[in-house]
Amino acid sequence: MTTTRRTPPGELLPRSFLAAPSMEVAPRLLGCVIEHETTQGTVAVRLTEVEAYHGELDPGSHAFRGRTPRNAVMYGDPGFVYVYFTYGMHYCMNLVCEPAGTASAILLRAGEVVEGIDLATDRRRGASLRELARGPARLTVALGIARDDNGRDACDPSSTLRVRAGAPIAPNVILAGPRVGVAAGADTPWRFWIDGDPTVSAYRRHVPKRRPGNPSTSRRGGTEGFSS
DNA sequence: CTTCCGATATACT
DNA sequence: GTATATCGGAAGG
């Protein structure tokens, strides 16, 4: 019989951990640690907020309209990193899930810097401890991740970009709710976060494009979610 | 807490 | 050619 043993905290996350549907993996990724080592030093972030994107079935996913040069990494093996550029100035980082051929991924939305605080603060131009990685683009800045990190393997022991297992999170403090910034499929509760953690980003619903003369200024949300 | 708006790769018509 | 984007910083209340 196969006993599924939890990976001890600090140990590299096995690729098999990510070879499952993103919405199942995502809550279990909370508390895990992303670590990036550069010549400047190492920064590590403990994840407190993530979002699952489920391939071609998910209207919110970058792979919803099929394979393109940008989303190609999502179709590859689990454990690889999908980095994309958005809003003309930001990078966001995902971990690819499921076996090659499917296009699931998990967006790393926020976390707590647990190593390399000085370096992260420097990269984030003096932001407070709480704000260092509070938001997906902030997280990539704190970690020193950019475009050329797209397609790197975070489950390779010799990699300078790694995912490590974290201490177990009590299921009752893991909440789920709608995703941020997603126009289509916004009602699907595939955002997961650690309840009450100060590094979880402020929820902002997708803002529909405001046409001149069509002042639909719908906004706001909340941090309320469903316990899982 | 809120609103405003930048600056551009990417995908689609 | 044009619309949109898995957003953040600054400034106002």
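Residue numbers start from 1 in every chain, and the chains themselves are labelled A, B, ... in the order their sequence lines are given, proteins ahead of strands. Computed from a prediction, not measured in an experiment: that's the story for all the values here.
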- line: For A:Ser128, the side chain to side chain donor-acceptor pair (under 3.5 Å) test, sequence neighbours excluded, returns none

- request: Could you identify which residues of residues 92-107 of chain A place a heavy atom less than 4.0 Å from some atom of DNA chain B, listed by residue number, or say none?
  value: none

- prompt: Quick one: side chain to side chain donor-acceptor pair (under 3.5 Å) partners of A:Thr42, sequence neighbours excluded?
  reply: none

For residues 85-95 of chain A, which side-chain N or O atoms pair as donor and acceptor with protein atoms under 3.5 Å away, sequence neighbours left out?
unit_1	atom_1	unit_2	atom_2	d
A:Asn94	OD1	A:Leu107	N	3.3
A:Asn94	ND2	A:Tyr82	O	3.3

task: Using the ring-ring contact (aromatic ring centres under 6.0 Å, His included) rule, collect all pairs that involve residues 121-167 of chain A, keeping only residues at least two apart or in two chains.
output: none

task: For A:Met89 and C:dA5, give me the distance from atom CE to atom P, rounded to whole Å.
output: 15 Å

- request: Using a cut-off of strictly less than 4.0 Å between a heavy atom of the residue and any atom of DNA chain B, enumerate the qualifying residues of residues 124-139 of chain A by number.
  value: none

message: Using the side chain to side chain donor-acceptor pair (under 3.5 Å) criterion, which residues pair with A:Asp77? Sequence neighbours excluded.
response: none

ILVMFWY clustering at 4.5 Å (side-chain atoms), partners of A:Leu12: none

Can you check nucleotides 10-13 of chain B for protein contacts, nitrogen or oxygen pairs under 3.5 Å, and list what you find?
unit_1	atom_1	unit_2	atom_2	d
B:dT10	OP1	A:Arg147	NH1	3.2
B:dT10	OP1	A:Arg147	NH2	2.5
B:dA11	OP1	A:Thr68	OG1	2.3

query: If you write DNA chain C from 5' to 3' in dot-bracket form, with Watson-Crick or G-U pairs under 3.5 Å, [ ] for crossing pairs and | for pairs with another strand, what do you get?
result: |||||.||||||.

task: Could I get the full list of side chain to side chain donor-acceptor pair (under 3.5 Å) partners for A:Ser16, not counting sequence neighbours?
output: none

task: Could you work out the separation of C:dT4 and B:dA7 based on their C1' atoms and round it to a whole Å?
output: 13 Å

- request: For DNA chain B, find the residues of residues 73-83 of chain A with a heavy-atom distance under 4.0 Å and give them by number; none if there aren't any.
  value: none

message: What's the separation between atom CG in A:Leu139 and atom CD in A:Glu112, rounded to the nearest 0.5 Å?
response: 12.0 Å

- prompt: Would A:Trp193 end up clustered with A:Val33 when hydrophobic side chains under 4.5 Å apart are linked, directly or stepwise?
  reply: no

- prompt: Would you call A:Arg179-A:Glu51 a salt bridge at under 4.0 Å N-O?
  reply: no

query: Within this structure, what is the OH-to-P distance between A:Tyr91 and C:dG8, rounded to whole angstrom?
result: 15 Å

